[in-house]
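Heads up: the structure comes next, in structure tokens.
Every number for a ligand or one of its atoms is a count from 1 in the order of the listing.
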Amino acid sequence: MRALVLSDIHANIVALDAVLAAAPPVDEVWHLGDVVGYGPDPDAVVDRLRKLGAYGVRGNHDAAAAGGDEIEAFNTDARRAMEWTRTAIGGSTRAWLDGLPEKLVRGDWTLVHGSPRDPIWEYILSTSVVRAAFSDLETPHGLHGHTHLPVGYVEEDGAIDEVSPGSGSVLELRPGQRALLNPGSVGQPRDGIPTTSWAVLDTGAGTMTWHRTAYDIAAVQASMEALNLPGRLVERLAFGL
Ligand code: ZN
């Protein structure tokens, strides 16, 4: 079974459509949350995922957009963008976001936005959090987003290896290995590379392949400026930070 794995699309329909145009045929589309927030097209992104029958989970921005008090923890720019998002989305978008689970299991894989123990908020960035995530997973493997950084952690006999995938990188899992993998962000990459980051997971072969695809960043920036979204959020798209 092949799944297209997307995370942190952040209401960037131009980036999402560039990924969908570049992606190979897959059996399922999986998303790891933060479908909305920051970007200018929340309804369009939700509509696209709904039509694709995507399976996915709730991120902190999705929870805030659906009315949650997560917005209280946002910085000034994120909060301004979220206040706009709340007024911009339609009722069916809000209901779809509100219906996203915090965790979802598909076969051997658990999908979360943050981490298994704190699916909405925790960033998997340090070795101690990676270890905790492996012990909290109730399936052999996990997929996460939230950091906007493409990365793979592979555990074998208690030792953890970290891989930093580039475009075209393939991770092959051997029997006995467990994996915790992040496809990176479709709509707001933060690893210094502004192109969309996404992945294809082949559950039968045990492979994850990461990809980077260019999109029309200037068009998204123009949409954000027209909506008076915060300038720093507009600018960061060009730098991938
Ligand atoms: Zn995010």
*Give a yes/no verdict on a cation-pi contact between R178 and F134, requiring under 6.0 Å between NZ or CZ and the six-membered ring centre and an angle within 45° of the axis.*
no
_Going by side-chain contact (heavy atoms from CB on, under 4.5 Å), name the residues that satisfy it together with T195, two or more places apart in sequence or in a different chain._
I193, R212, A214
*Would you please name every residue forming a side-chain contact (heavy atoms from CB on, under 4.5 Å) with A23, sequence neighbours left out?*
L4, W198
*By side-chain contact (heavy atoms from CB on, under 4.5 Å), which residues pair with D157, not counting sequence neighbours?*
none
*Run through the protein N/O/S atoms less than 2.8 Å from the Zn ion (ligand 1) and write them out by chain and number.*
D8 OD1, H10 NE2, D34 OD2, H148 NE2
*asked:* Within this structure, what is the NZ-CG distance for the pair K103 and L137, rounded to the nearest 0.5 Å?
replied: 8.0 Å
*Distance, nearest 0.5 Å, that separates CH2 of W210 from OG of S197*: 9.0 Å
